[in-house]
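Working notes for the structure below.
Treat the numbers as computed from the prediction; the structure is a model and nothing was measured.
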Amino acid sequence: MLLCYNNAIMKKTVQEKIKLTQESFTNLEKELADLQENQLPAVVDRIAKAREQGDLSENSEYKDAKDQQELLEVRIGEIQEILAKAQIIKAAKTDNCVGVGSKVTLATADNKTFTYTIISEFDKAAIDSDTLSAVSPIGVALMQKQVGDKVAVQVPAGERIFTIKKID
(Lines give C-alpha, C1' and ligand atoms only; values in the text may rest on other atoms or scores of the structure.)
Protein backbone atom coordinates (compact mmCIF):
# COMPACT_ATOMS: atom_id res chain seq x y z
CA MET A 1 0.00 0.00 0.00
CA LEU A 2 2.79 2.43 0.82
CA LEU A 3 4.50 1.88 -2.51
CA CYS A 4 1.29 2.65 -4.38
CA TYR A 5 0.97 6.04 -2.69
CA ASN A 6 4.70 6.72 -2.93
CA ASN A 7 4.85 6.04 -6.68
CA ALA A 8 1.86 8.29 -7.32
CA ILE A 9 3.42 11.10 -5.28
CA MET A 10 6.74 10.77 -7.09
CA LYS A 11 4.99 11.37 -10.41
CA LYS A 12 3.72 14.76 -9.23
CA THR A 13 5.93 17.75 -9.89
CA VAL A 14 6.82 20.13 -7.09
CA GLN A 15 4.25 22.70 -8.22
CA GLU A 16 1.51 20.27 -9.26
CA LYS A 17 -1.46 20.04 -6.93
CA ILE A 18 -2.96 16.76 -5.80
CA LYS A 19 -6.72 16.86 -6.20
CA LEU A 20 -8.62 15.56 -3.18
CA THR A 21 -12.21 15.73 -2.09
CA GLN A 22 -12.78 17.27 1.33
CA GLU A 23 -13.62 13.81 2.65
CA SER A 24 -10.33 12.36 1.39
CA PHE A 25 -8.40 15.32 2.83
CA THR A 26 -10.09 14.88 6.22
CA ASN A 27 -9.44 11.12 6.19
CA LEU A 28 -5.73 11.73 5.52
CA GLU A 29 -5.56 14.29 8.34
CA LYS A 30 -7.11 11.74 10.71
CA GLU A 31 -4.70 9.03 9.57
CA LEU A 32 -1.74 11.39 10.06
CA ALA A 33 -2.90 12.32 13.55
CA ASP A 34 -3.31 8.64 14.48
CA LEU A 35 0.13 7.76 13.13
CA GLN A 36 1.84 10.66 14.94
CA GLU A 37 -0.10 10.55 18.21
CA ASN A 38 -0.72 6.83 18.71
CA GLN A 39 1.13 4.43 16.46
CA LEU A 40 4.58 6.06 16.34
CA PRO A 41 4.80 6.63 20.13
CA ALA A 42 3.77 3.00 20.69
CA VAL A 43 6.56 1.77 18.41
CA VAL A 44 9.11 4.08 20.07
CA ASP A 45 8.05 2.57 23.40
CA ARG A 46 8.54 -0.95 21.96
CA ILE A 47 12.03 0.03 20.81
CA ALA A 48 12.92 1.36 24.28
CA LYS A 49 11.70 -1.85 25.94
CA ALA A 50 13.57 -4.02 23.44
CA ARG A 51 16.78 -2.05 24.10
CA GLU A 52 16.49 -2.88 27.79
CA GLN A 53 16.80 -6.56 26.91
CA GLY A 54 20.47 -6.14 26.10
CA ASP A 55 22.28 -7.37 22.97
CA LEU A 56 20.56 -5.71 20.00
CA SER A 57 22.34 -7.78 17.34
CA GLU A 58 20.14 -10.81 18.01
CA ASN A 59 17.07 -9.03 19.33
CA SER A 60 14.22 -9.74 16.90
CA GLU A 61 11.78 -7.56 18.86
CA TYR A 62 14.12 -4.58 18.44
CA LYS A 63 14.58 -5.21 14.70
CA ASP A 64 10.85 -5.62 14.19
CA ALA A 65 10.05 -2.42 16.07
CA LYS A 66 12.70 -0.47 14.13
CA ASP A 67 11.27 -1.76 10.83
CA GLN A 68 7.78 -0.74 11.97
CA GLN A 69 9.08 2.70 12.94
CA GLU A 70 10.60 3.17 9.49
CA LEU A 71 7.34 2.20 7.76
CA LEU A 72 5.36 4.60 9.93
CA GLU A 73 7.80 7.45 9.28
CA VAL A 74 7.61 6.85 5.52
CA ARG A 75 3.80 6.89 5.61
CA ILE A 76 3.81 10.06 7.75
CA GLY A 77 6.06 11.74 5.18
CA GLU A 78 3.83 10.63 2.32
CA ILE A 79 0.70 11.97 3.97
CA GLN A 80 2.39 15.25 4.84
CA GLU A 81 3.47 15.67 1.21
CA ILE A 82 -0.01 14.84 -0.09
CA LEU A 83 -1.63 17.33 2.30
CA ALA A 84 0.93 20.02 1.43
CA LYS A 85 0.14 19.64 -2.28
CA ALA A 86 -3.59 19.12 -1.82
CA GLN A 87 -6.14 21.06 -3.77
CA ILE A 88 -9.64 20.51 -2.41
CA ILE A 89 -12.12 19.82 -5.16
CA LYS A 90 -15.85 19.49 -4.85
CA ALA A 91 -17.18 16.05 -5.54
CA ALA A 92 -19.15 15.99 -8.77
CA LYS A 93 -22.78 16.49 -7.89
CA THR A 94 -24.15 16.43 -11.39
CA ASP A 95 -25.78 13.71 -13.38
CA ASN A 96 -24.55 15.28 -16.63
CA CYS A 97 -20.99 13.97 -16.70
CA VAL A 98 -18.69 11.70 -14.71
CA GLY A 99 -16.27 13.26 -12.22
CA VAL A 100 -14.73 12.54 -8.81
CA GLY A 101 -17.59 11.66 -6.47
CA SER A 102 -19.93 10.46 -9.23
CA LYS A 103 -21.76 7.19 -8.77
CA VAL A 104 -21.78 5.54 -12.20
CA THR A 105 -23.77 2.56 -13.40
CA LEU A 106 -22.15 0.75 -16.32
CA ALA A 107 -23.44 -2.02 -18.56
CA THR A 108 -21.49 -4.51 -20.64
CA ALA A 109 -22.51 -5.90 -24.03
CA ASP A 110 -24.02 -8.94 -22.29
CA ASN A 111 -26.14 -6.66 -20.04
CA LYS A 112 -24.18 -7.17 -16.85
CA THR A 113 -24.29 -4.00 -14.77
CA PHE A 114 -21.81 -2.56 -12.33
CA THR A 115 -22.10 0.51 -10.13
CA TYR A 116 -18.99 2.35 -8.96
CA THR A 117 -18.21 5.58 -7.15
CA ILE A 118 -15.32 7.51 -8.70
CA ILE A 119 -12.84 8.51 -6.00
CA SER A 120 -9.66 10.56 -5.71
CA GLU A 121 -6.38 8.80 -6.47
CA PHE A 122 -5.28 9.07 -2.82
CA ASP A 123 -8.49 7.95 -1.20
CA LYS A 124 -7.88 4.75 0.75
CA ALA A 125 -11.42 3.64 -0.07
CA ALA A 126 -10.06 2.62 -3.48
CA ILE A 127 -9.65 -0.88 -2.12
CA ASP A 128 -13.42 -1.29 -1.83
CA SER A 129 -15.09 -3.28 -4.58
CA ASP A 130 -17.64 -0.56 -5.35
CA THR A 131 -15.15 2.27 -5.96
CA LEU A 132 -12.87 3.21 -8.84
CA SER A 133 -9.88 5.51 -8.65
CA ALA A 134 -10.13 8.47 -11.03
CA VAL A 135 -6.67 7.52 -12.33
CA SER A 136 -7.38 3.82 -12.92
CA PRO A 137 -7.80 2.77 -16.57
CA ILE A 138 -11.58 2.57 -16.24
CA GLY A 139 -11.74 5.77 -14.16
CA VAL A 140 -9.73 7.71 -16.75
CA ALA A 141 -11.93 6.41 -19.56
CA LEU A 142 -15.10 7.47 -17.71
CA MET A 143 -14.07 11.00 -16.73
CA GLN A 144 -16.21 13.72 -18.36
CA LYS A 145 -18.38 11.15 -20.16
CA GLN A 146 -22.19 11.28 -20.17
CA VAL A 147 -25.10 8.86 -19.92
CA GLY A 148 -25.29 6.79 -23.11
CA ASP A 149 -21.59 7.16 -23.92
CA LYS A 150 -19.65 4.00 -24.68
CA VAL A 151 -16.11 3.66 -23.37
CA ALA A 152 -13.52 1.12 -24.42
CA VAL A 153 -11.04 0.13 -21.75
CA GLN A 154 -8.01 -2.11 -22.01
CA VAL A 155 -8.12 -4.49 -19.02
CA PRO A 156 -5.94 -7.55 -18.31
CA ALA A 157 -8.55 -9.78 -19.95
CA GLY A 158 -8.55 -7.63 -23.11
CA GLU A 159 -10.64 -4.71 -24.30
CA ARG A 160 -13.98 -4.19 -22.55
CA ILE A 161 -16.68 -1.86 -23.74
CA PHE A 162 -18.97 -0.26 -21.18
CA THR A 163 -22.06 1.84 -21.73
CA ILE A 164 -22.82 4.49 -19.12
CA LYS A 165 -26.41 3.86 -18.00
CA LYS A 166 -26.72 6.23 -15.05
CA ILE A 167 -24.76 8.94 -13.23
CA ASP A 168 -25.70 9.99 -9.69
Side-chain angles (χ1 to χ4, degrees), residues 1-92 98-104 106 114-143 151 153-160 162:
M1 188 72 144
L2 292 175
L3 291 177
C4 177
Y5 283 110
N6 196 22
N7 289 340
I9 292 169
M10 294 298 215
K11 292 177 184 175
K12 301 290 181 184
T13 64
V14 174
Q15 293 83 16
E16 191 174 352
K17 293 292 184 183
I18 296 173
K19 295 177 181 176
L20 296 174
T21 61
Q22 183 62 54
E23 180 182 9
S24 294
F25 186 86
T26 302
N27 288 341
L28 285 170
E29 284 182 318
K30 288 178 184 176
E31 182 182 354
L32 180 61
D34 179 55
L35 290 170
Q36 290 176 324
E37 297 167 11
N38 299 318
Q39 294 185 41
L40 191 57
V43 169
V44 169
D45 186 50
R46 278 182 53 207
I47 291 169
K49 288 180 181 172
R51 270 196 188 131
E52 293 172 1
Q53 295 175 6
D55 184 13
L56 299 180
S57 65
E58 295 184 22
N59 187 330
S60 63
E61 175 62 25
Y62 176 78
K63 289 177 184 175
D64 181 56
K66 288 296 284 183
D67 289 345
Q68 184 66 30
Q69 179 185 24
E70 183 178 345
L71 289 173
L72 290 173
E73 288 172 350
V74 166
R75 181 65 183 142
I76 287 168
E78 288 174 344
I79 293 172
Q80 288 172 332
E81 186 170 350
I82 292 167
L83 294 176
K85 293 181 178 182
Q87 174 185 4
I88 305 298
I89 59 170
K90 292 187 178 187
V98 178
V100 174
S102 295
K103 188 173 183 178
V104 184
L106 306 172
F114 306 90
T115 301
Y116 299 106
T117 300
I118 307 299
I119 59 171
S120 165
E121 65 187 289
F122 294 103
D123 193 326
K124 287 179 76 174
I127 60 173
D128 292 342
S129 62
D130 62 346
T131 59
L132 282 174
S133 170
V135 296
S136 69
I138 297 173
V140 168
L142 291 172
M143 297 304 283
V151 295
V153 181
Q154 193 65 34
V155 294
E159 185 177 76
R160 299 279 312 259
F162 298 98

Surrounding CD of E70 (heavy atoms of other residues, nucleotides or ligands, distance under 6.0 Å), is the total greater than 12?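 No, not enclosed.
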
Is it the case that more than 12 heavy atoms not belonging to E23 sit under 6.0 Å from its CD atom?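 No, CD of E23 has 12 or fewer neighbouring heavy atoms, counting only those of other groups under 6.0 Å.
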
Close side-chain approach of [X] and [Y], heavy atoms under 4.5 Å:
{"X": "M143", "Y": "I118", "result": "yes"}
{"X": "K85", "Y": "Q80", "result": "no"}
{"X": "N27", "Y": "E31", "result": "no"}
{"X": "F25", "Y": "I82", "result": "no"}
{"X": "V153", "Y": "E159", "result": "no"}
{"X": "Y62", "Y": "Q53", "result": "no"}
{"X": "L40", "Y": "L35", "result": "no"}
{"X": "Q87", "Y": "I18", "result": "no"}

Roughly how far, to the nearest 0.5 Å, is the [atom2] atom of [Y] from the [atom1] atom of [X]?
{"X": "S133", "Y": "Y116", "atom1": "OG", "atom2": "OH", "value": "13.5 Å"}
{"X": "Q22", "Y": "I88", "atom1": "CD", "atom2": "CD1", "value": "4.5 Å"}
{"X": "I76", "Y": "Q39", "atom1": "CD1", "atom2": "CD", "value": "8.5 Å"}
{"X": "E52", "Y": "I47", "atom1": "CD", "atom2": "CD1", "value": "12.5 Å"}
{"X": "L106", "Y": "L132", "atom1": "CG", "atom2": "CG", "value": "7.5 Å"}
{"X": "R160", "Y": "I138", "atom1": "CZ", "atom2": "CD1", "value": "8.0 Å"}

Looking at K103 and D130, is any side-chain nitrogen of the basic one under 4.0 Å from a carboxylate oxygen of the acidic one?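 Salt bridge between D130 and K103, a charged N being under 4.0 Å from a carboxylate O: no.
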
Show, in sequence, the C-alpha distance, side-chain angles and deciding distance for Q68 and D64, and conclude whether the side chain to side chain contact (heavy atoms under 4.5 Å, CB included) test is met. CA-CA 6 Å; Q68 184 66 30; D64 181 56; 5.5 Å; no

Which heavy atom of [X] sits nearest a heavy atom of [Y], and at what distance?
{"X": "A84", "Y": "K17", "answer": "O-NZ, 4.3 Å"}
{"X": "T117", "Y": "G101", "answer": "CG2-O, 4.1 Å"}
{"X": "I119", "Y": "V100", "answer": "C-CG1, 4.1 Å"}

Are the side chain of N59 and the backbone N or O of A50 linked by a donor-acceptor pair below 3.5 Å?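 At least one qualifying donor-acceptor pair exists.
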
As a quick check of understanding, evaluate salt bridge (charged side-chain N to carboxylate O under 4.0 Å, His left out) for D45 and K49, giving each step before the final call. CA-CA 6 Å; D45 186 50; K49 288 180 181 172; 3.3 Å; yes

